[in-house]
Amino acid sequence: MRAKAIIYIDRFLRNFHAVRERVGQTRICVPVKADAYGHGAPEIAKISQEAGAFCLGIATVAEGAELRNEGINIPILLFSQPHPDEIPEIIRAGLVPFISDIEFASALNKQAEAKKCKLPVHLKIDTGMGRLGCRTEEALSLARYIDACSWLDLTGTATHFAVSDSADELDIAFTQEQLTRFNDVVTAMKDAGINPGIIHAANSGAVILHPDSWFDMVRPGLFLYGYKTVEESAAPPEYAQKLSVFKALQAQPVMELRTTVSLIKKINKGESISYGRSWTAPDDTHIAILSLGYDDGLPRLASNNWQAVIDGKAYPLVGRITMDQCFADLGPETNISRWKEAVIFGGGVPGCPAKDAAALADVTGTIPYEITCNINKRVPRIYEAYEAQFREMGYSAGL
Ligand SMILES: *Cc1c(COP(=O)(O)O)cnc(C)c1O
C-alpha cells in the first residue's frame with residue numbers, strides 16, 4: 001500500500017477509559033466532527049457508542065446524517081450553526097441542534113410542528129469564546145422563548161471555553177470567569193422554573209484542568225485522539241493541589257501515518273534533492289523516495305525539518321516535500337530495502353523513535369488538530385487492534 005493511516009482502536013479506548021476514570025459518572029460526549037479529527041467518524045462513533053459514550057458531537061448536518069446511516073442511535077449534537085434550509089434534514093436525522101438566537105429557535109419550532117415531531121435542542125451560551133451562543137445577558141430570555149416553544153424540548157444547556165487549555169494564571173482566571181457567567185445563567189434559569197437539561201461545558205483542556213466545569217457531561221475531543229492540550233503539572237500550585245486527587249491523565253496517539261519506500265537512489269556529494277534545491281548532499285548517500293506528500297497532509301513546512309522511521313530507526317527528511325512524495329536520507333551505507341514501510345508520525349510505541357502529530361505540529365507552527373484533520377481522504381484509514389488487544393486488556397463494552 002502506498003500510504004495509510006493506522007487507527008489504533010485500543011489506544012482510543014484507553015484514552016476514553018482515562019477520561020471515564022477521571023470524570024467518574026459524568027456523561028461523555030465524543031466530538032467526531034471533521035471525520036473524527038481525521039480518524040474516521042463512522043468507526044470512532046461506533047466504538048464510542050459501544051464504550052458507553054452518552055452522545056456524539058458533529059459540525060455539519062451531513063456528518064450527522066452519515067452517522068445515522070451507519071446505524072448510530074445515541075444522541076448526536078450539532079455543534080455548529082446550520083443553514084435554515086437544513087432544518088428538514090436535522091429533523092429527519094434526529095440531530096440535536098444548538099440554539100444561539102430566537103430567529104433560529106422559531107424556525108426550528110415551526111418546522112418541527114409541521115412534522116409533528118418534538119425536537120430536542122440545547123441552549124448555547126457565549127460566556128467569552130466569542131463564537132456561537134447567545135450573549136449571557138440574553139440567555140434567560142432565549143431560554144424562556146425556547147421553553148415556550150411547544151415543539152422544542154430543551155434537553156441541554158452549554159457553553160464553550162476559549163483558553164481552558166492554558167495553565168497561565170490569567171487564562172485560568174478567564175476560564176473561571178466564563179464558568180461564573182455560565183453558572184449565573186443556569187441558576188437564573190432554574191429560578192425561573194426552566195429546566196436547563198444536561199449542563200455541559202468542558203472540552204479537553206477543561207477535563208484536564210477544570211473539574212468544576214464538568215457539570216453533567218464533558219466533551220473532550222483532542223484528548224481522546226491522543227494529544228494533551230495542557231499538562232496538569234503546568235498548573236499553578238493551588239490548581240495542582242485541586243488536581244492532585246486525580247491520577248495524571250495519559251494520552252496515547254491514536255493515529256499512525258505510514259508510507260512506503262518507493263525507490264532508493266544513490267546520489268553523490270554535492271547533488272541536490274527536490275524543488276528549489278533546498279538540500280544538497282554533504283557526502284555520497286542514499287535517498288529513499290517516500291510515497292507521501294503535502295496533498296496527503298504532510299505539511300510542506302516540515303521540509304528539511306522532520307523524519308521518517310524505517311526499521312525502527314529515524315532518518316531525516318531532506319529537500320522540499322512535494323505534492324505526492326518526500327525524501328529520506330538513508331546515509332552512505334544502508335541495508336534498507338525498497339518497499340519497506342516508513343512511519344511519518346505515530347508515537348507511543350516503546351522503542352520506536354517515531355514522534356507524534358503534536359511534535360509535527362510544533363515544527364510546522366500549528367496544532368495537532370490541524371495535522372490529523374488534514375490527512376487527506378486518499379490515505380486509507382486502517383483500523384487495528386480492536387478485538388484482540390482490547391479484550392486482552394480486560395476492557396469490555398460499556399466502560
Ligand atoms: C471541538 C469541540 C469540542 C472539543 O474540543 P477539544 O479541544 O478537541 O477537546 C468541544 N465542544 C465543542 C462545542 C467543540 O466545537
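Read the numbers this way: they start at 1 and go in the same order the structure lists the ligands and their atoms. All residue numbers refer to positions in the sequence shown, counting from 1. Bear in mind that the values here come from a model prediction, so they are computed numbers and not experimental data.
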Short side-chain to backbone donor-acceptor contact, Asp284 and Lys269, under 3.5 Å: yes
Salt bridge (charged side-chain N to carboxylate O under 4.0 Å, His left out) against Arg27, all qualifying residues, sequence neighbours excluded: none
Lys115 charged N/C atom sitting above Trp151 aromatic ring, 6.0 Å / 45°: no
Contacts of type side-chain hydrogen bond (donor to acceptor under 3.5 Å, both in side chains), residue Glu232, not counting sequence neighbours: Arg22, Lys228
Neighbouring protein residues of ligand 1 - any heavy atom closer than 4.0 Å: Pro31, Lys33, Tyr37, Phe79, Arg131, His160, Asn203, Ser204, Arg219, Pro220, Gly221, Leu222, Tyr369
Within 6.0 Å of NZ in Lys377, more than 12 heavy atoms from elsewhere: yes
side-chain hydrogen bond (donor to acceptor under 3.5 Å, both in side chains) partners for Asp171, two or more places apart: Ser166
